[in-house]
Amino acid sequence: MSFQKRTMKCGEPREEHVNQQITLNGWVQNVRNLGGLIFIDLRDRYGLMQLIIEPENQAELAQRATELKQEFVIWAKGTIRKREKPNQKMPTGYVEMLVSDYGIINRAELPPFEVSDDIETSEEIKLQYRYLDLRRPILQQKFIVRNQVYQILHKYYSDNDFLEVETPVLMKSTPEGARDFLVPSRINKGKFYALPQSPQLYKQILMVSGFDRYMQIVKCFRDEDLRSDRQPEFTQVDVEMSFVEIDDVLTMTEGAIRKIWKEVLGIEIEEKFRRMPYVEAMSKYGSDKPDLRYDLELKELTDAVKDCGFSVFADNIKAGGIVAALNAKGCAEFSRKKIDELTNLAKKYGAKGLAWMKFEKGEVNSPIAKFLNEQDIASIKEITKAEDGDLVLIVSDKWTRTYTVLGAIRIEIAKLSGIYDKIKDKFSFHWVTEFPLFEYDEEADRYVAMHHAFTSPMDEDLHNLDTAPDKVRAKAYDLVVNGAELGGGSIRIHDSHIQKRIFELMNLGEEEIEAKFGYFTKALKYGAPPHGGIALGLDRIVMTLCGTDNIRDVIAFPKTTSGLSLMDGCPSPVDNMQLAELAIKVIDEK
RNA sequence: GGAAUCGUAGCUCAGUUUGGUUAGAGCGCCUGCCUGUCACGCAGGAGGUCGCGAGUUCGAGUCUCGUCGGUUCCGCCA
């Protein structure tokens, strides 16, 4: 054997091991050669251990130690001894290992960046050398958490009679919703598989098959643009249950989340999460995934200003729009520049502008004050509960846009006013429910499913299906924590007639339905039980547990925002032979 | 599809506003010294395709256009 195997991990030695002979394997973090004394920090997944060589007694070892460099892989044998001056920053800092022998197992090139937690190396370099980046304890910790989450979920669902069943990765393309990644078929030239955006239809069919309770931790794929919290391949905790109503799915999910938070962070979460209808979430917080760690509620001003002299408000209301406001407490001191930045934010979200009113020293300072009479201003002040020192921000637009813009402003105000710093360590879980079943797609001039086309309408809204589809609410629910969507699900349609009706409302023709979803509606005709489920974003759960906003931190080998993997260079061209076998024509762009 | 921002030594960045001699700093690296360091210290040294390509100019790291790449956001993400 070319090396001596470890008898202990680098993170393990403590005072109780003093005088023990041990062998360690690991990576050289750092060498401090003081001439008459050499310190080596050795690192593995479990921690960092200080080794010491005393040249006075170990001339040969000291001689060889000069060749030790960062990230060399070594074995080292020696005796644990107590340190007179402990390093209290390290768990192993009360002891050190006096080296009696060691050997280099493998050398390493000089790394492009130091393998340490507090580096500020660019994302580009770190992703090129992802294997070095992943050696950093701060990143390894996140994968330890991720592994904990896998174990907890598997045990929890298994204990509750769920079966993990693998669904295909090569499946039929369903062009509703996100873009599919396509995989050409060699055997069936000109035809394509798609990678699953989610195993939605398979898990519903498993319910038809009587599997009753299904879960799977599964990779999903969406060929859409990336964000700091969005990757083209991501992991979902996919769950489906038969003979259930909304409560059953929510309760089961609450149990899973509580268990994770308890076991990973030691935090007790309330048994029942607050539930909030979509309309309330939007009109109070301007988001379908509101951050409820702080209040800052929005207020509607439509009635108060519908007859006012400011034509921007009045005309918009006449055209069916609304006016709403956010009272930024204590923000009257904001400079013109700061307010301009807020206006730009509002415009980014599609607003035409942002009206503002500063309440200071009993007076109102506002560019729109001259269009309003005293009664208007008094009403606005009363509804927004504005006091001296407050800044009221007002948006006037269509319902959804008004609230979406104010929702973005609300978050910005929370950041600017220091609210965010106070709530960093808090978790606020809740459900958003009663989503609209459809939303109108102006571009396509038709209704599209807001959640997905297999979501059941609420029973009490069924009568509206034919007359006012946009008023129909769905048996759908999203799990939200701290302003981020952790997952969502619904009770599904188990009646093939209702399913067909929904497809019709979405303006899908008979033939189109048959071609796209025929196999599925057919399955529903053979005894489908009532069923429903949920899909949780596993990456987002781990992100929340680890307190990171970046999904790349919790995925071992992530893509950049342009969808590239900088380490292995994919996607990459393939040679013409491969393309020919797939009957794909080479396009010569020259 | 769109916007913002960044790209200069192995790494992090200054220099670009207002074009002008030999492009700097910190860390790292190399050599030497050093017996209690733990961001070791001290002395010396090496190290550059200023992302890439055109253009303007007597002259471009600096100005213009294009292009590649990183990051963030809008659209998109049932």
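Every heavy atom of this structure was used, including side-chain atoms; hydrogens, water molecules and symmetry mates were not. Protein chains get the first letters and strands the later ones, always in sequence-line order, with residue 1 at the start of each.
Considering only residues two or more places apart in sequence or on other chains, A:Asp340 meets the salt bridge (Lys or Arg N to Asp or Glu O under 4.0 Å) condition with A:Arg336. For A:Glu224, the salt bridge (Lys or Arg N to Asp or Glu O under 4.0 Å) partners are A:Arg179, not counting sequence neighbours. Residues satisfying the ring-ring contact (aromatic ring centres under 6.0 Å, His included) test with A:Phe435, not counting sequence neighbours, are A:Tyr278. Every residue two or more places apart in sequence or in another chain was checked for a salt bridge (Lys or Arg N to Asp or Glu O under 4.0 Å) with A:Glu84, and none qualifies. With sequence neighbours excluded, the residues satisfying side chain to side chain contact (heavy atoms under 4.5 Å, CB included) with A:Pro111 are A:Gln70, A:Glu71, A:Leu132. Looking at residues two or more places apart in sequence or on another chain, you find no salt bridge (Lys or Arg N to Asp or Glu O under 4.0 Å) involving A:Lys142.
If you check every strand for non-hydrogen atoms under 4.0 Å, A:Gln197 touches nothing. Residue A:Thr174 is out of contact with every strand shown, counting any heavy-atom pair closer than 4.0 Å. When heavy atoms are screened at a 4.0 angstrom cut-off, A:Glu96 is found touching base atoms of the nucleic acid. Across all strands, A:Asp118 comes closer than 4.0 Å to no nucleic acid atom at all (heavy-atom distances). Residue contacts for A:Phe454: at a heavy-atom cut-off of 4.0 Å it reaches no nucleic acid atom on any strand shown.
Nearest-nucleotide positions on RNA chain B place A:Leu566 closer to the 5' end than the other of A:Leu566 and A:Gly177. Comparing A:Ser228 and A:Lys69 by the nucleotide of RNA chain B whose heavy atom lies nearest to each, the residue mapping closer to the 5' end is A:Lys69.
A:Gln236 places no side-chain N or O within 3.5 Å of a backbone atom of A:Gln216 that could act as its donor or acceptor partner. A donor-acceptor distance shorter than 3.5 angstrom exists from the side chain of A:Arg446 to the backbone of A:Met506, with no hydrogens or angles considered. Remark: the backbone N or O of A:Tyr94 is not paired with any side-chain donor or acceptor of A:Lys82 at under 3.5 angstrom. Although no hydrogens or angles enter the test, the distance criterion places no donor-acceptor pair under 3.5 Å between the side chain of A:Asp397 and the main chain of A:Ala351.
Distances shown here put a side-chain N or O of A:Lys89 below 4.0 Å from the OP1 or OP2 atom of B:A39. Taking 4.0 angstrom as the limit, A:Thr560 places a side-chain polar atom (N or O) nearer than this to OP1 or OP2 of B:G70. A close approach under 4.0 Å does not occur between any side-chain nitrogen or oxygen of A:Arg32 and OP1 or OP2 of B:U37. Dashed line: the shortest gap from a side-chain N or O of A:Ser116 to OP1 or OP2 of B:A39 is not under 4.0 Å.
The stretch residues 475-509 of chain A has no heavy atom under 4.0 Å from RNA chain B, so no residue of it qualifies as close. Residues from residues 36-64 of chain A with heavy atoms under 4.0 angstrom of RNA chain B, sorted by number: A:Gly36, A:Leu37, A:Phe39, A:Gln50, A:Ile52, A:Glu54, A:Glu56. Using a 4.0 Å cut-off on heavy atoms, none of the residues of residues 336-347 of chain A approach RNA chain B. Contact check of residues 81-88 of chain A against RNA chain B (heavy atom, cut-off under 4.0 Å) returns A:Arg81, A:Arg83, A:Lys85, A:Asn87.
Taking every heavy atom of both residues into account, A:Met282 and A:Asp288 meet most closely at SD-N, 3.6 Å. For the pair A:Val208 and A:Ala523, the tightest heavy-atom approach, listed with the atom from each and the gap, is CG1-O, 3.5 Å. The minimum heavy-atom distance linking A:Leu524 with A:Ser496 is given by the pair CB-CB, 4.1 Å. Here the closest non-hydrogen pair linking A:Arg492 and A:Ser490 is NH1-OG, 2.7 Å.
Nucleotides B:U67 and B:A25 are separated by 31 Å at their C1' atoms, to the nearest Å. Rounded to whole Å, the P atom of B:C40 lies 14 Å from the corresponding atom of B:C30. Between the P atoms of B:G48 and B:U8, the separation comes to 15 Å (whole Å). Separation of the P atoms belonging to B:G1 and B:G10 is 35 Å when rounded to the nearest angstrom. With both ends at atom C1', the span from B:C50 to B:U62 equals 10 Å, rounded to whole Å. Distance check on atom P: B:C34 versus B:U22 gives 42 Å, rounded to whole Å. Comparing the same atom, P, in B:A3 and in B:U12 gives a spacing of 28 Å after rounding to whole Å.
For the pair A:Tyr46/A:Cys10, no side-chain contact is recorded, criterion being any heavy-atom separation below 4.5 Å from C-beta on.
As a whole-Å value, the separation of A:Glu67 CD from B:U31 C1' is 17 Å.
For A:Arg222 and B:C77, a side-chain-to-base donor-acceptor distance below 3.5 Å is absent, hydrogens and geometry of angles not being considered.
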Check nucleotides 2-10 of chain B for protein N or O atoms closer than 3.5 Å to its own N or O atoms and list the pairs.
unit_1, atom_1, unit_2, atom_2, d
B:G10, O2', A:Pro112, O, 3.2

Can you name the atoms? Protein N/O to nucleotides 44-47 of chain B N/O, anything below 3.5 Å, with the distance.
none

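A salt bridge is defined here as a Lys NZ or Arg NE, NH1 or NH2 lying under 4.0 Å from an Asp or Glu carboxylate O, and A:Arg32 with A:Asp41 meets this definition.
Aromatic ring orientation, A:Phe454 versus A:His452: tilted (interplanar angle from 30° to 60°).
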- Task: Mind running side chain to side chain donor-acceptor pair (under 3.5 Å) on A:Asp291 and A:Tyr285 for me, showing each step along the way?
- Result: CA-CA 8 Å; A:Asp291 189 342; A:Tyr285 306 102; over 6 Å; no

